[in-house]
Amino acid sequence: MSIKINENYLLLQNSYLFAEITKRVEKFKEKNPDKDVISMGIGDVTKPLVPSVVKAFKEAVDEMGRIDKFKGYGPEQGYSFLSEKIIENDFEQLGINLDLDEVFISDGAKCDTANIQEIFDLNNKVAVTDPVYTVYVDTNVMAGRTGGVNDEGMYDGLVYLPCSEENGFIPPLPDEEVDLIYLCLPNNPTGTTITNNELKKFVDYAKENNSLILFDAAYEKFITESDVPHSIYEIEGAKEVAIEFRSFSKTAGFTGTRCAYTIVPKELKGYDSNGNSYSLNELWSRRQTTKFNGVSYPVQIAAAATYSEEGKKEIKDNIDYYLENAKLIRDKLNEMGLHVYGGINSPYIWVKIPEGIDSWTFFDKLLNEANVVGTPGAGFGPCGEGYLRLTAFNTLENTKKAMDRISKLKF
Ligand code: MLT
């Protein structure tokens, strides 16, 4: 007998996008050790944790070293002191009421958006936007919900919702019945978003077709414009058709600290093959209690500190800083005559690259000639070809330097 692998993994294209980029950048650095490479590729923050978070974090670590305060396993779903703050600050302010057991604290929105598909049957039809945050696609491929990649670079079995300049990057409704719809708004990678009315169309579609929307709102705190939904539950009836994912990563600099949360309303139902209904909240809870031991106590204390008055102010300053970088990037690229999207409600800027050059070639040109790392649009799906994503998460100084170098490039 020999060990059999999960052959679905063989259907995956290349390596994980950001792993491939890291590989190329490391190779470049090895060959050019004296080059000052500026990263505007993966959406990783540069600002450290804010002082009020660090203070709370340290105090919680001290507690862990005291016999009278020490904590062992915590609740898999997270401590209620954090869930209460989440509900009060992120939802009640928007007029949305949630129960404590509808909040599931975790170590990342990437993990949650990756794992959620486990509670659904393999025969569910899945829709994703194109371009798309690749985790939604890859995890469905790994699970066996798709076929291989076709000539257009799409996985058989998935329904793609093309987002382009022509439709203003507003995902169209699926033109066939689908069961699960992944939406990331504000969007990664395009940095664009949609209005309340446009999101309502998806909620209405989901109600009519008994579908579920998997709504990734990891970039919600970057919204600056009105009439942009901060939560899908702002849309009436969405609690019956949507799960929402949020994260402290980009908001509060937790990319290395790890904390996020997922809302699974108790109204949500799924069905077995006999038509019996089951609570998705209970299924997710069953999944988490079995496979996850919760986020560490100090990290949850640190996350709770982001909701203190001081924490909120410090975090807003950091987000404003990144949004200023985004504006600078947008302005510089506009001056160069390029078409630029995103960067207003998002830390991501989606640049249309000059005709006649594909996005991986443009990525290499940027790396080799300007020593700047972007993310090639093609890595996010076929509709991403012809674009490059830049992030506003570097320092202001590096962002200025990078933009100066890019503006000197000859196309
Ligand atoms: C990105 O660059 O798209 C993000 O950093 C990926 C992530 O959050 O996992």
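Just so you know, ligand 1 is whichever comes first in the structure, and atom 1 is the first atom listed for that ligand.
Atom numbering of ligand 1 starts at 1 in the shown order; those under 4.0 Å from a heavy atom of Tyr348 are 1 (C), 2 (O), 3 (O), 4 (C), 5 (O). In the vicinity of Ile42, heavy-atom distances shorter than 4.0 Å reach the ligand 1 atoms 2 (O), 5 (O). Short contacts between ligand 1 and Phe18, defined as distances under 4.0 Å to a heavy atom of the residue, involve ligand atoms 1 (C), 2 (O), 3 (O).
Within the 4.0 Å heavy-atom criterion, neither part of Phe380 lies near ligand 1. Contacts between Asn188 and ligand 1, counted as non-hydrogen atom pairs separated by less than 4.0 Å, involve the side chain only.
Of all the listed residues (Lys110, Arg389, Lys250), Lys250 holds the heavy atom that lies closest to atom 4 (C) of ligand 1.
When each of Thr193, Ile344, Thr192 is checked for a side-chain contact (heavy atoms from CB on, under 4.5 Å) with Pro186, only Thr193 meets the rule. None of Phe380, Tyr341, Phe363 except one satisfies the side-chain contact (heavy atoms from CB on, under 4.5 Å) rule with Arg389; the exception is Phe380. Each of Tyr182, Tyr155, Phe215 was checked for a ring pair (Phe, Tyr, Trp, His ring centres under 6.0 Å) with Tyr136, and the lone residue meeting it is Tyr182.
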side-chain hydrogen bond (donor to acceptor under 3.5 Å, both in side chains) assessment of Asn345 paired with Thr224
CA-CA 5 Å; Asn345 299 298; Thr224 59; 3.2 Å; yes

side-chain hydrogen bond (donor to acceptor under 3.5 Å, both in side chains) evaluation trace for Asn210 with Tyr271
CA-CA 10 Å; Asn210 287 320; Tyr271 299 86; 5.7 Å; no

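The single protein non-hydrogen atom nearest to atom 9 (O) of ligand 1 is Tyr133 OH, 2.5 Å, given as residue, atom name and distance.
Note on ring orientation: taking the six-membered ring where Trp is involved, the planes of Phe254 and Phe248 are tilted (angle from 30° to 60°).
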